[in-house]
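Accompanying notes for the structure given below.
Within every chain, numbering begins at 1; the chains are lettered A, B, ... in the order of the sequence lines, protein sequences first and strands thereafter.
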2 protein chains.
Amino acid sequence: MSKQPKYRQVADALRREIVNGAFDSHRRLPSESELSARFDASRNTVRSGLALLVSEGLITSSQGLGYEVRSHEVFELNASRFENLEFPQNGDAYNTDVTNAGRRPHQSFRVEMLPAPADIAERLKIEEGSTTALRFCHRYVDDVPWSTQATYYPAWLIEERPRLAEPKDIEEGTTRYLAASGIEQVGYFDEIATRMPTPEEARLLEVGAGVPVLLWTRTGYSADRPIRCTITTFRGDLNRMNYEIGDLSARSETT
Amino acid sequence: MSKQPKYRQVADALRREIVNGAFDSHRRLPSESELSARFDASRNTVRSGLALLVSEGLITSSQGLGYEVRSHEVFELNASRFENLEFPQNGDAYNTDVTNAGRRPHQSFRVEMLPAPADIAERLKIEEGSTTALRFCHRYVDDVPWSTQATYYPAWLIEERPRLAEPKDIEEGTTRYLAASGIEQVGYFDEIATRMPTPEEARLLEVGAGVPVLLWTRTGYSADRPIRCTITTFRGDLNRMNYEIGDLSARSETT
DNA sequence: TGCATCAACTTGTTCCTACAAGTTGAGCAG
DNA sequence: CTGCTCAACTTGTAGGAACAAGTTGATGCA
């Protein structure tokens with residue numbers, strides 16, 4: 001009658017109940033032993049089924065507490081408005097967006113001088129191994145880890161704009177700082193990818209198993225040459241990226 | 001000495017060897033019993049460690065064959081060039097891009113008339129439950145499942161452009177078909193998200209555990225109103241999306 | 001009342017066994 | 001030589017047991 005292995009039947013039954021909302025948002029699931037009795041399966045088998053749901057990102061488990069349904073409240077990032085000088089903002093884009101959403105931003109900075117990795121060198125059109133300044137930024141929203149951001153600047157730019165090498169926030173935003181001193185970012189090339197987090201990323205972003213990360217690589221260009229490359233790693237469960245392209249006057253109209 | 005549980009030590013050791021390239025691209029890993037002897041751990045413990053690497057997307061397993069390192073050969077999609085009338089193409093964007101990359105495209109179509117789901121209705125600015133035409137497309141590259149695409153057209157558009165309701169490819173591309181008959185897409189709003197696949201998606205895209213999907217939702221607008229909404233589901237391990245924004249004349253120059 | 005302790009829960013880790021099921025290559029029958 | 005069978009590998013599924021470790025609330029002592 002059922003060709004599916006038992007642990008899958010367990011997972012399928014629980015998944016159906018979860019998506020139908022049988023378990024309140026942050027109430028707990030029945031314990032492993034209860035499920036074991038209900039499905040007439042060993043604890044190991046039930047655990048296999050639960051592990052499947054964890055890896056799908058549907059539930060989380062905590063030792064001593066049990067399993068609970070994960071809630072997703074996504075945060076939208078408008079990538080095409082970022083770094084657009086015409087769009088009014090107070091401070092940098094991250095602070096602006098988070099504050100506008102009624103959340104509380106927090107970030108920690110770190111600056112390193114290091115030789116350019118191959119992929120960065122290629123994007124910045126510089127020699128692999130030549131010096132770059134890496135501004136690394138770990139961002140939180142309401143004290144929940146949100147993203148890590150690594151921006152590489154080529155050496156020639158640092159010499160002209162030494163504030164980029166200081167390990168602190170640039171209040172007006174780096175784009176404006178550069179523009180105000182004559183280096184204008186006139187275009188950018190974005191690459192978006194997804195994968196499962198490395199153990200290091202999982203630690204920094206405090207994500208468990210089953211949550212992919214969104215990788216956003218932006219290479220900014222002046223009229224002459226590449227001026228910086230930013231790699232942002234987002235928690236995939238909490239973020240969505242938007243692009244507005246072309247004439248969208250029909251979008252804002254009320255129907 | 002080592003506070004980490006043994007199955008994590010196994011996973012960490014193997015991960016290190018994999019990223020250092022100790023195992024050839026598609027050669028197999030040692031079998032579970034070999035690893036069990038090497039790490040002085042039970043087969044179950046070794047399996048837990050291997051399961052971790054599978055969920056990270058590093059390796060795959062096949063019954064009877066063993067474990068092997070997964071290769072990533074990503075396919076780049078230029079999202080900002082899609083549906084741009086100025087950019088010359090033969091046929092639709094998918095066929096063009098895949099053929100240009102020297103790969104062989106294949107796709108199967110299906111058309112359904114169905115009531116609009118809530119999220120689609122909101123994006124198309126129509127009543128929830130009102131009729132829409134869904135053009136569903138399952139795409140392959142070199143016979144590997146690549147993406148599924150669901151495009152919803154509002155009823156008013158189908159009445160004017162009945163070819164959209166026919167279950168076959170429109171050779172010149174839907175964008176050009178619409179433009180040639182007076183409905184021009186002048187802008188679009190893109191949303192990009194990632195998550196683990198549902199069992200249905202995992203089946204269609206033939207992805208195992210540990211591979212997230214990339215969700216791309218594009219709402220196209222004419223000068224007056226939304227004209228369609230496309231939801232594309234990509235295999236995250238095989239695809240990357242690009243956006244070119246602003247003046248990128250500095251990008252194409254040779255250094 | 002306030003606080004510490006502990007029993008009773010939870011999941012986490014590790015081992016064991018047994019058998020099912022997919023793959024491959026050796027070897028034998030024709 | 002061809003083609004089939006089968007033994008010997010591989011991973012997959014299912015059960016068992018025992019103990020570690022985190023959490024919670026009840027109990028009882030000061």
(message) Test of understanding: with salt bridge (charged side-chain N to carboxylate O under 4.0 Å, His left out), list the residues that count as partners of A:Glu34, not counting sequence neighbours.
(response) none

Filtered N/O pairs between nucleotides 4-11 of chain D and protein, under 3.5 Å:
{"residue": "D:dT10", "atom": "OP1", "partner": "B:Ser31", "partner atom": "OG", "Å": "2.9"}
{"residue": "D:dT10", "atom": "O2", "partner": "B:Gly64", "partner atom": "N", "Å": "3.4"}
{"residue": "D:dT11", "atom": "OP1", "partner": "B:Glu32", "partner atom": "N", "Å": "3.3"}
{"residue": "D:dT11", "atom": "OP2", "partner": "B:Glu32", "partner atom": "N", "Å": "3.1"}

(message) Looking at B:Leu14, is its backbone amide N or carbonyl O close enough to the side chain of B:Glu17 to form a donor-acceptor pair, meaning the two atoms are under 3.5 Å apart?
(response) no

(message) Using whole Å, what does the distance between atom C1' of nucleotide C:dT14 and atom CD of B:Gln9 come to?
(response) 13 Å

(request) Write down the distance between CZ (A:Arg8) and P (D:dG12), rounded to a whole number of angstrom. (result) 11 Å

(request) For A:Glu76, check salt bridge (charged side-chain N to carboxylate O under 4.0 Å, His left out) against everything at least two apart and list the hits. (result) A:Arg240

(message) Check this one for me: any side-chain N or O of A:Thr45 less than 4.0 Å away from OP1 or OP2 of D:dG15?
(response) yes

(message) Using whole Å, what does the distance between atom C1' of nucleotide C:dG12 and atom CG of A:Asn44 come to?
(response) 12 Å

Side chains of residues 46-55 of chain B: which donor-acceptor pairs under 3.5 Å do they make with residues two or more places apart or in other chains?
{"residue": "B:Arg47", "atom": "NH1", "partner": "B:Glu32", "partner atom": "OE2", "Å": "2.8"}
{"residue": "B:Ser48", "atom": "OG", "partner": "B:Asn44", "partner atom": "O", "Å": "3.1"}
{"residue": "B:Ser55", "atom": "OG", "partner": "B:Leu52", "partner atom": "O", "Å": "2.9"}

(request) Calculate the interatomic distance between A:Tyr7 atom OH and D:dG15 atom C1'; express it in whole Å. (result) 15 Å

(message) Nearest whole Å is fine: how far is C:dT14 P from B:Gln4 CD?
(response) 10 Å

(message) Could you work out, with ring pair (Phe, Tyr, Trp, His ring centres under 6.0 Å) as the rule, every residue matching B:Tyr140, not counting sequence neighbours?
(response) B:His106, B:His138

(message) Going by the rule salt bridge (charged side-chain N to carboxylate O under 4.0 Å, His left out), which residues pair with B:Arg15 if we only count those two or more places apart in sequence or in a different chain?
(response) B:Asp12, B:Glu56

(message) Under the rule for salt bridge (charged side-chain N to carboxylate O under 4.0 Å, His left out), what residues qualify as partners of A:Glu122, not counting sequence neighbours?
(response) none

Dump every N/O contact between nucleotides 4-7 of chain C and the protein below 3.5 Å, one line per pair.
none

(request) Kindly write out the residues that satisfy side chain to side chain contact (heavy atoms under 4.5 Å, CB included) with B:Ser61, not counting sequence neighbours, or none if the list is empty. (result) B:Tyr67

